[in-house]
Number of protein chains: 2
Amino acid sequence: MVPCRISNNIRNLRFNQNEMTQQQLADLVGVTRQTIVAIEKGKYSPSLELAFRIARVFRLQVEEVFTYEEVRN
Amino acid sequence: MVPCRISNNIRNLRFNQNEMTQQQLADLVGVTRQTIVAIEKGKYSPSLELAFRIARVFRLQVEEVFTYEEVRN
DNA sequence: ATATTGTGTAAAGAATACTTTACATCAAAA
DNA sequence: TTTTGATGTAAAGTATTCTTTACACAATAT
């Protein structure tokens with residue numbers, strides 16, 4: 001796959017929208033806290049399923065939480 | 001993770017929008033044809049990255065290509 | 001002072017996405 | 001009728017996502 005970057009604003013959403021901890025978000029979407037940490041920190045990007053679940057928690061579209069951009073030089 | 005279903009209308013989009021083969025779509029998004037087959041047939045759902053790439057080909061939002069719904073009984 | 005809460009990191013293993021190779025079927029073209 | 005192109009399936013291997021366990025640190029509360 002062509003190199004790209006998927007960033008997200010989960011951290012901001014957690015604070016601004018519902019004042020929610022990583023653990024609470026993890027529970028709401030059904031994964032472990034470490035998974036949330038890894039995604040927030042950009043270690044890897046989630047599965048589509050998890051992306052949907054996270055977006056739903058904040059009542060947003062996937063695109064409003066995750067930003068896809070191709071990497072060009 | 002709570003059971004859910006992710007469906008998609010890639011097949012329709014291929015036919016209606018650009019008259020595109022599985023192989024062409026695969027090349028455009030940088031995966032093998034088998035991956036497209038598996039996703040169209042619902043064998044598994046793509047990574048978020050691939051979902052973005054497919055949506056981009058059709059100039060659509062992720063939500064316009066993939067539909068997430070929780071399974072309730 | 002020490003317990004608790006929220007966050008970060010790391011490493012081994014399980015689960016899922018994706019590749020590679022190969023072969024089968026059907027429809028349409030030569 | 002033979003060939004070609006589009007699609008479907010399957011199995012073994014690689015890569016990535018996610019879990020589990022464990023520990024560390026800083027800020028706040030007791």
Side-chain angles (χ1 to χ4, degrees), chain A residues 1-58 60-71, chain B residues 1-58 60-71:
Chain A
M1 294 216 234
V2 171
C4 75
R5 206 167 41 120
I6 294 183
S7 53
N8 70 79
N9 49 352
I10 295 176
R11 198 172 182 87
N12 289 333
L13 289 166
R14 272 199 306 117
F15 290 138
N16 301 339
Q17 212 174 333
N18 290 16
E19 196 66 49
M20 190 185 306
T21 68
Q22 291 175 335
Q23 186 64 64
Q24 288 172 325
L25 177 56
D27 291 343
L28 281 172
V29 299
V31 297
T32 62
R33 185 176 66 84
Q34 280 68 10
T35 299
I36 301 298
V37 173
I39 292 167
E40 273 192 9
K41 294 257 118 186
K43 254 191 135 183
Y44 50 75
S45 51
S47 65
L48 179 58
E49 180 173 345
L50 182 50
F52 264 114
R53 298 168 75 77
I54 293 172
R56 280 224 166 169
V57 164
F58 298 114
L60 292 174
Q61 300 274 99
V62 169
E63 269 91 352
E64 295 175 299
V65 179
F66 300 92
T67 308
Y68 172 87
E69 43 183 333
E70 292 193 359
V71 172
Chain B
M1 293 217 235
V2 172
C4 75
R5 206 167 41 118
I6 293 183
S7 53
N8 69 80
N9 50 353
I10 295 176
R11 197 171 183 89
N12 289 333
L13 290 166
R14 273 199 307 116
F15 291 138
N16 301 340
Q17 211 174 337
N18 289 15
E19 197 64 51
M20 191 186 306
T21 68
Q22 291 175 336
Q23 185 64 63
Q24 288 172 325
L25 177 56
D27 292 342
L28 282 170
V29 300
V31 297
T32 61
R33 184 176 67 83
Q34 280 68 9
T35 299
I36 300 298
V37 173
I39 293 168
E40 273 192 9
K41 294 258 118 186
K43 255 193 133 183
Y44 50 75
S45 51
S47 63
L48 179 58
E49 179 172 345
L50 182 50
F52 264 115
R53 298 171 73 80
I54 292 172
R56 280 223 165 171
V57 164
F58 298 114
L60 292 174
Q61 301 273 101
V62 170
E63 269 91 353
E64 294 175 301
V65 180
F66 299 92
T67 307
Y68 173 87
E69 45 183 333
E70 291 193 0
V71 172

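None of the values given here were measured: they were computed from a predicted structure. First the proteins, then the strands, lettered A, B, ... as listed; each starts at 1.
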Starting at [atom1] of [X], measure out to [atom2] of [Y] and round the result to the nearest 0.5 Å.
X       : Y       : atom1 : atom2 : value
B:Glu40 : B:Asn12 : CD    : CG    : 9.0 Å
B:Leu28 : B:Met20 : CG    : CE    : 5.5 Å
A:Thr21 : A:Asp27 : OG1   : CG    : 7.5 Å
A:Phe15 : A:Asn9  : CZ    : CG    : 12.5 Å
B:Ile39 : B:Asn8  : CD1   : CG    : 7.5 Å
B:Ile36 : B:Leu50 : CD1   : CG    : 6.0 Å

Nearest-Å distance for atom pair [atom1]/[atom2], residues [X] and [N]:
X       : N      : atom1 : atom2 : value
A:Lys43 : C:dT7  : NZ    : C1'   : 14 Å
A:Glu40 : D:dT17 : CD    : C1'   : 17 Å
B:Ile6  : D:dT17 : CD1   : P     : 15 Å
A:Leu48 : C:dC18 : CG    : C1'   : 15 Å
A:Phe15 : C:dG6  : CZ    : P     : 11 Å
B:Leu25 : D:dG8  : CG    : P     : 13 Å
B:Leu50 : C:dT16 : CG    : P     : 18 Å
B:Ile36 : C:dT20 : CD1   : C1'   : 16 Å

At under 4.0 Å between heavy atoms, what does [X] touch on the DNA or RNA strands: base, sugar-phosphate, or nothing?
X       : result
B:Val37 : base
A:Thr21 : sugar-phosphate
A:Ser47 : sugar-phosphate

Margin query: Please determine whether side-chain contact (heavy atoms from CB on, under 4.5 Å) holds for the pair B:Arg11 and B:Gln22, giving the CA-CA distance in whole Å, both sets of side-chain angles, and the decisive distance to 0.1 Å.
Written below: CA-CA 9 Å; B:Arg11 197 171 183 89; B:Gln22 291 175 336; 3.9 Å; yes
Check: Who are the ring pair (Phe, Tyr, Trp, His ring centres under 6.0 Å) partners of A:Tyr68, not counting sequence neighbours?
Finding: B:Phe52
Between [options], spot the one nearest the side chain of [X], thanks.
X       : options               : answer
A:Tyr44 : C:dC18, D:dC18, D:dT9 : D:dC18
B:Lys41 : D:dG8, C:dC18, D:dC18 : D:dG8
B:Gln22 : C:dT7, D:dT7, C:dT20  : D:dT7
B:Ile39 : C:dC18, D:dG8, D:dC18 : C:dC18

Check: Between A:Arg53 and A:Val29, is there a donor-acceptor pair closer than 3.5 Å when you use the side chain of the first and the backbone of the second?
Finding: yes
Please write out the pairs of protein N or O atoms and N or O atoms of nucleotides 22-30 of chain C separated by less than 3.5 Å, giving the distance to one decimal.
unit_1 : atom_1 : unit_2  : atom_2 : d
C:dA22 : N6     : B:Gln34 : NE2    : 3.2

Margin query: Just N and O in the side chain of B:Thr35: are any of them under 4.0 Å from OP1 or OP2 of C:dC18?
Written below: no
Could you go over nucleotides 13-15 of chain D and give all protein N or O partners under 3.5 Å, atom names and distances?
none

Notebook entry, point to check: If you pin B:Gln23 and B:Glu49 to their nearest nucleotides in DNA chain D, which one's is more 5'?
Noted result: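 Residue closer to the 5' terminus by nearest nucleotide: B:Gln23.
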Next item on the list: Before giving the answer on side-chain contact (heavy atoms from CB on, under 4.5 Å), spell out for B:Tyr44 and B:Ile6 the whole-Å C-alpha distance, their side-chain angles and the decisive distance to 0.1 Å.
Entry: CA-CA 9 Å; B:Tyr44 50 75; B:Ile6 293 183; over 6 Å; no
